Amino acid sequence: MSNRKTKKLSARQVMLDVVGCLRENGYEALAAGGCVRDMLLGKKPNDYDVATNATPQTVTKLFKRTLTIGAQFGVVVVLLGGRQVEVATFRSDQTYQDGRRPEKVVFTDARHDAQRRDFTINGMFYDPLADRIIDYVGGKDDLHKGVVRAIGSADRRFEEDHLRMLRAIRFAGRLDFQIEQKTFQAIRKNASKLKHISIERIAIELEYILADPQRKRGLNLAYECGLLENIFPSLGGDDLRFGIKIASALPKKCSFALALAALLINCDGKNSRRICRDLKTSNELRSQVSWLISNRQVLLDAVPLSKGRLKQWLAKPLFEPLLQLARIHARVTSTGKDQLRTLRKQIADLGDEPLTPPRLLDGHDLIKLGAVPGPLVGQLAEELYLAQLENHIQNRSQAVTWVKKWLSRHHNQD
Ligand code: ATP
Ligand code: MG
């Protein structure tokens, strides 16, 4: 075996190789689902999935490196050319008991496999060897019309798997499509069932919707269908509508944390932390969201800032998104505009002064100068650093003089 690293192939090439290998071995194999939709839209697919009549067992035999975690549902992941391709055996999903996952799958053919997929635009196949679309569900038409339509009875499809309701929003939002009327009505009817599915799966879909440049459309649809109120039961309609307004006004490209903070803007820091905890988001995301929400007003209230404080704010890792949130909130509510103008001028006036210069004296220096080890050293160090950031102290000897004065003041107070 060669020691050289495998060259990373394009996702499309890997799909072609996987399809080619299955076909050479006498099996049917097609690109399936989202990648076909994206190809027809002229967009680069996120990933290419393959559907085949070969069983998972056969797929694992045909390819050297595979992951078989989903094999009982008919899915094998093939590792090839530095990529992963999901290879799914044509199947019908049987008896959904809990609105989440099929209990059992039955291997079938492409036509039946199309029927178990969620929306017509996601239910097509592509034969890359013949360069031909295979469409059993009218997906091409709906793609053309810009419509998200459930395959089969919308009501039944959403009862089978409640997550599909959020997926409908995801695709309609992202592609700027309409949700077909019956599909839309079925979502409204079934929206309250969302609480039966795992919060982790909901949080993933929420991230798709919020991080998408088209979040305005996705959020409005999710609100109109009654899905948002089921994801955030503690928020009232006014809070949600206001949050959607703020989140929609954010730049197209923004982080999940910022978009979620915008949506939850009417909560206080504590409430937003609780909501994030309920959504089981990571601790990091939870603290980012609550920091953004709690500090938007704190920042504005502190303006005008001293030079030192300004540098401290600017050095905070989330200062940029905080400022974006504050700007948009100010624009939408017509408040805080003066503070933001002052802040902008202060930032411009600061020029390129370093925000976090190295400290002139460290803790050891302070103790050598007579500070008693303990909490007071921390306070002294912070005040000294702030004086340095304010440019009141420029060098070590000025710092020593400043510390001596500080210590005599504090010793006199003792
Ligand atoms: P994306 O571009 O966001 O990856 P996608 O359409 O590829 O979108 P995936 O979640 O990757 O979506 O799923 C791949 C395909 O599997 C879908 O296009 C659809 O045909 C099918 N599918 C996925 N989830 C479901 C579901 N919950 N119910 C029915 N079919 C589904
Ligand atoms: Mg996909």
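For ligands, and for the atoms within them, numbers begin at 1 and follow the listed sequence. If you're wondering where the values come from, they're calculated on a predicted model, not measured in any experiment.
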Revision key, fill the gap. Per-atom filter on ligand 1: closer than 4.0 angstrom to a heavy atom of Phe171 are 6 (O), 8 (O)
Exercise for review: Select one of side chain, backbone, both or neither to describe which atoms of Arg174 lie under 4.0 Å from any atom of ligand 1, heavy atoms only.
Suggested key: side chain
Check your understanding: Is the number of heavy atoms from other residues, nucleotides or ligands within 6.0 Å of CD (Gln57) greater than 12?
Key -> no
Study note, to complete from the structure: Near Asn46 (heavy-atom distance under 4.0 Å), the atoms of ligand 1 are 1 (P), 2 (O), 3 (O), 4 (O)
Point to revise | Atoms in ligand 1 with a heavy atom of Gly34 nearer than 4.0 Å | key: 5 (P), 6 (O), 7 (O), 18 (O)
Review point. Atom 13 (O) of ligand 1: which of Arg167, Arg117, Glu86 has the nearest heavy atom?
Key: Arg167
Check your understanding: Considering only heavy atoms, does Asn122 approach ligand 1 within less than 4.0 Å through its side chain, its backbone, both, or neither?
Key -> both
**Study point:** Arg116: numbered ligand 1 atoms lying under 4.0 Å from its heavy atoms
**Key:** 29 (C), 30 (N)
Exercise for review: Answer with yes or no whether the side chains of Tyr223 and Arg241 bring together a donor and an acceptor at under 3.5 Å.
Suggested key: yes
Review point. Taking only heavy atoms of Arg164, which atoms of ligand 1 are found under 4.0 Å from at least one of them?
Key: 26 (C), 27 (N), 28 (N), 29 (C)
Practice item. For the Mg ion (ligand 2), find the closest N/O/S atom on Asp47 and give its atom name. Key: OD1
Exercise for review: Take His329 and Phe242 through the test ring-ring contact (aromatic ring centres under 6.0 Å, His included) and record every step on the way to the result.
Suggested key: CA-CA 10 Å; His329 188 271; Phe242 184 66; 5.8 Å; yes
Point to revise | Any N/O pair Asp118/ligand 1 closer than 3.5 Å | key: yes
Practice item. Flag yes if more than 12 heavy atoms outside Glu284 fall under 6.0 Å of its CD atom; otherwise flag no. Key: no
Check your understanding: Does a donor on one side chain sit under 3.5 Å from an acceptor on the other, for Glu383 and Gln379?
Key -> yes
Revision key, fill the gap. The atoms of ligand 1 lying under 4.0 Å from a heavy atom of Asp49, numbered in the order shown, are 14 (C)
Exercise for review: Show which atoms of ligand 1 fall inside a sub-4.0 Å distance from at least one heavy-atom site of Arg170.
Suggested key: 1 (P), 3 (O), 8 (O)
Check your understanding: For Arg37 and ligand 1, does the shortest N/O to N/O distance drop below 3.5 Å?
Key -> yes
**Study point:** Passing candidate, salt bridge (charged side-chain N to carboxylate O under 4.0 Å, His left out) with Asp118, options Arg164, Arg167, Arg170, Arg157
**Key:** Arg167
Check your understanding: Can you find a pair of side-chain heavy atoms, one from Gln312 and one from Leu305, that are under 4.5 Å apart?
Key -> no
Practice item. Taking atom types as modelled, find out whether Asn122 and Arg37 have a side-chain donor-acceptor pair closer than 3.5 angstrom. Key: yes
Practice item. Indicate whether any N or O donor in one side chain lies under 3.5 Å from an N or O acceptor in the other, for Arg273 and Ser290. Key: yes
